[in-house]
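Worksheet: one structure, shown below.
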Amino acid sequence: MTEQPMSLSEAVRVLAAWEREHPHKAAIARAENRAHVLEVEAEQYAHELAEQLWQQRGGAGDGPTDHDRAEADRAALAILKQALRNSE
C-alpha cells in the first residue's frame with residue numbers, strides 16, 4: 001500500500017502541532033529559515049548592484065569587475081547586518 005501525499009491543509013495542521021509541541025525548536029527553525037532568506041536576498045542584491053555599478057561606468061569589458069563585485073558585496077553586507085539588527 002502506497003502512502004498518499006498529505007494535503008496542504010493537513011501539512012499546515014501537522015506543522016502547527018509540531019510547533020506547539022516544540023516551541024524552542026520551531027523558533028530556531030524560523031530563525032534559520034529567515035537567515036537563509038536574508039542570505040539569498042543579499043547575494044541577489046549584490047549581483048544586481050555589481051551589474052548597476054558596471055553599467056554606470058559605461059558597461060565596458062566583459063561585465064562587472066572585481067572592484068564592482070567587492071563594492072556591491074560590501075553594500076549588501078551592510079544591508080544584511082542592518083536587517084539582522086532590525087529583526088532582534
Side-chain angles (χ1 to χ4, degrees):
M1 186 164 129
T2 60
E3 188 174 320
Q4 293 295 323
M6 196 180 295
S7 72
L8 181 57
S9 61
E10 289 170 318
V12 169
R13 282 193 297 272
V14 168
L15 178 59
W18 181 84
E19 286 184 339
R20 282 190 302 275
E21 292 172 15
H22 308 282
H24 182 70
K25 289 181 182 178
I28 291 170
R30 283 191 300 274
E32 288 173 345
N33 184 51
R34 181 67 182 140
H36 176 72
V37 168
L38 287 172
E39 179 184 13
V40 169
E41 289 175 351
E43 288 174 359
Q44 181 180 1
Y45 174 77
H47 177 76
E48 292 170 1
L49 182 57
E51 287 287 328
Q52 289 175 5
L53 292 169
W54 174 61
Q55 291 294 331
Q56 288 173 0
R57 288 188 303 98
D62 295 331
T65 63
D66 289 343
H67 177 76
D68 294 332
R69 288 186 193 94
E71 188 175 337
D73 285 349
R74 283 190 297 274
L77 181 59
I79 290 170
L80 180 58
K81 285 180 180 179
Q82 186 60 47
L84 289 172
R85 278 190 218 106
N86 291 344
S87 68
E88 291 178 343

Q) For residues 3-37, which residue pairs qualify under ring pair (Phe, Tyr, Trp, His ring centres under 6.0 Å), counting only residues two or more places apart or in two chains? A) W18-H22
(Q) Test: salt bridge (charged side-chain N to carboxylate O under 4.0 Å, His left out). Region: residues 19-39. Which pairs qualify, not counting sequence neighbours? (A) E19-R30
Q.
Can you list everything that forms a ring pair (Phe, Tyr, Trp, His ring centres under 6.0 Å) with H67? Sequence neighbours excluded, please.
A. none
Q. Can you name the residues that form a side chain to side chain donor-acceptor pair (under 3.5 Å) with D66, not counting sequence neighbours?
A. R69
Q. Taking only residues two or more places apart in sequence, or in another chain, which ones meet S7 in a side chain to side chain donor-acceptor pair (under 3.5 Å)?
A.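 S9, E10.
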**Q.** Results of salt bridge (Lys or Arg N to Asp or Glu O under 4.0 Å) for R74 - residues two or more places apart only
**A.** none
Q | D62: salt bridge (Lys or Arg N to Asp or Glu O under 4.0 Å) partners, not counting sequence neighbours | A |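 Here no residue qualifies.
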Q) Any idea which heavy atoms bring A72 and A46 closest together, and the distance? A)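 Minimum heavy-atom contact is CB-O, 3.2 Å.
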For residues 47-58, please give each side-chain donor-acceptor pair under 3.5 Å, one per line with the distance, not counting sequence neighbours.
| from | atom 1 | to | atom 2 | distance (Å) |
| --- | --- | --- | --- | --- |
| E48 | OE2 | Q44 | NE2 | 3.2 |
| W54 | NE1 | A60 | O | 2.7 |
| W54 | NE1 | G63 | O | 3.2 |
| R57 | NE | D68 | OD1 | 3.2 |
| R57 | NE | D68 | OD2 | 3.4 |
| R57 | NH2 | D68 | OD2 | 2.7 |

Q: Please write out which residues are connected to V14 in a hydrophobic cluster, directly or through intermediates, given that two of Ile, Leu, Val, Met, Phe, Trp, Tyr count as joined at side-chain heavy-atom separations below 4.5 angstrom.
A: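 Once heavy-atom contacts under 4.5 Å are chained together, V14 belongs with M6.
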Measure the spacing between [atom1] of [X] and [atom2] of [Y] and express it to the nearest 0.5 Å.
| X | Y | atom1 | atom2 | answer |
| --- | --- | --- | --- | --- |
| N33 | L38 | CG | CG | 9.5 Å |
| L8 | R13 | CG | CZ | 10.0 Å |
| Q82 | L77 | CD | CG | 12.0 Å |

